[in-house]
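Quick notes on the structure that follows.
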Amino acid sequence: MPESTLEMATTPRNILVIGNSDGIGLGLTRRLLAAGCIVTGVSRREAPLSSMQGKESKRDKTGMEGYEHAVLDVASPDYRSALEAVERRRGPFDVCVYCAGIGNLFNPRDLSNEAQVFRVNLLGAVETAEILLPGMIGKGAGHFVALSSIADDSRSGDAPSYNASKAGLSTYLSGLALALRPHGVYVTNVRFGFVDTKMAKSPVRPMMISVERAVDVIMGCLEKRPAQLTFPKRMGMLVRVLRWLTSLRIWFS
């Protein structure tokens, strides 16, 4: 999608991107800043945005800087209070895009990270929604976007915590979309297949897309605000077939 599409908005959008130190979140932040948006980034470490320094230093007519970063961990006990402080300082936000996510191939000899996957992929998104959605509901406008995965429809022994956390996230987002639309708030569940980031750890990665292509998809979602978008669609169909075959295997085991 051309960058100019977002620039056509009557006022600059105030956007929060959670998980933007690398990968899709970083690429999205750069694209939004190039489109003239006000962006606040949140991640466990600083985001390498030095190439956007000239744009970051710009201020809008309210005096707010084009970009500000907050180092926060979505799985930390103090995440709620820290994000509330960010919202007071930089909000109210028009859009939040939750990009944070982790996942590892299953290791039966080390289960120490299984619960953390749920904390980041699912509970972090839920807590973010708890903090930000009341403000959006109060003003009768807003858009909450979260990156789930086509793996939410998969039953696999390769990464059960990742698949299950994304399944929970997708179900939650679908319910939110139905519940909040009458209040003027849109919710979008973006279900990607393999994206060329450090998260793509599987030895087999069919139909893998680039980070830039993933950012194109998200930018389109910010304009069209669908309740759910699966990309690539053929990958989603493949996963459903594999799930059916796996279900047969479980049934007859």
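Keep in mind that this is a model prediction, so the values were computed, not measured.
- Going from atom CG of Leu28 over to atom CZ of Arg30 covers 11.5 Å, rounded to the nearest 0.5 Å.
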- Message: Let's go through Arg80 and Glu87 carefully: what are the C-alpha distance in whole Å and the side-chain angles of both, what is the deciding distance for salt bridge (Lys or Arg N to Asp or Glu O under 4.0 Å) to 0.1 Å, and is it a yes or a no?
- Response: CA-CA 11 Å; Arg80 176 185 291 273; Glu87 185 182 28; over 6 Å; no

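- Look at Asp73 and Arg119 and you find no salt bridge, because none of the NZ, NE, NH1 or NH2 atoms lies under 4.0 Å from a carboxylate O.
- Ile137 and Leu180 get closest at one heavy-atom pair: CD1-CD2, 3.6 Å.
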- Verdict with reasoning, Ser170 to Asn189, per side chain to side chain donor-acceptor pair (under 3.5 Å): CA-CA 6 Å; Ser170 291; Asn189 176 25; 3.2 Å; yes

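- A salt bridge is defined here as a Lys NZ or Arg NE, NH1 or NH2 lying under 4.0 Å from an Asp or Glu carboxylate O, and Asp216 with Arg31 meets this definition.
- A salt bridge is defined here as a Lys NZ or Arg NE, NH1 or NH2 lying under 4.0 Å from an Asp or Glu carboxylate O, and Arg90 with Glu84 fails to meet this definition.
- Counted within 6.0 Å of NZ on Lys224, heavy atoms from surrounding residues, nucleotides or ligands total 12 or fewer; the atom is thus considered open.
- For the atom pair NE2 (His143) and CZ (Arg225), the distance works out to 7.0 Å, reported to the nearest 0.5 Å.
- When only modelled atom types and interatomic distance are considered, Thr29 and Asn20 share a side-chain donor-acceptor pair under 3.5 Å.
- Val71 and Glu46 make their closest contact through CG2-OE2, 3.6 Å (heavy atoms, listed as atom of the first residue, atom of the second, distance).
- One finds no salt bridge joining Arg44 and Asp22 here, because no Lys/Arg side-chain nitrogen approaches an Asp/Glu carboxylate oxygen to under 4.0 Å.
- Within the 4.5 Å cutoff, the side chain of Phe192 has no heavy atoms near those of the Ser148 side chain.
- With a 4.5 Å cut-off on side-chain heavy atoms, Phe231 and Arg191 do not count as touching.
- Applying the side-chain contact (heavy atoms from CB on, under 4.5 Å) test between Val17 and each of Ile218, Val42, Val39 identifies Val39 as the sole match.
- Within the 4.5 Å cutoff, the side chain of Asn121 has no heavy atoms near those of the Leu169 side chain.
- In this structure, the separation between OH on Tyr186 and CG on Leu176 is 15.5 Å, given to the nearest 0.5 Å.
- The OH atom of Tyr162 lies 11.5 Å from the CG atom of Leu105; values are rounded to the nearest 0.5 Å.
- Taking the side chain as every heavy atom from C-beta outward, Leu72 and Val86 approach each other to under 4.5 Å.
- Under the 4.5 Å side-chain criterion, counting only non-hydrogen atoms from C-beta, Asn163 is not in contact with Pro160.
- Checking Thr40 against Glu68 by side-chain atom types alone, no donor-acceptor pair falls below 3.5 Å.
- Here the CG-CG distance, from Asn104 to Asn113, works out to 5.5 Å after rounding to the nearest 0.5 Å.
- Not one N or O on the side chain of Lys166 forms a donor-acceptor pair closer than 3.5 Å with the backbone of Ser161.
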- Task: Decide side chain to side chain contact (heavy atoms under 4.5 Å, CB included) for Leu222 and Thr188; before the verdict, give the C-alpha distance in whole Å, the side-chain angles of both, and the deciding distance to 0.1 Å.
- Result: CA-CA 9 Å; Leu222 296 185; Thr188 298; over 6 Å; no

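- A donor-acceptor distance shorter than 3.5 angstrom exists from the side chain of His69 to the backbone of Arg45, with no hydrogens or angles considered.
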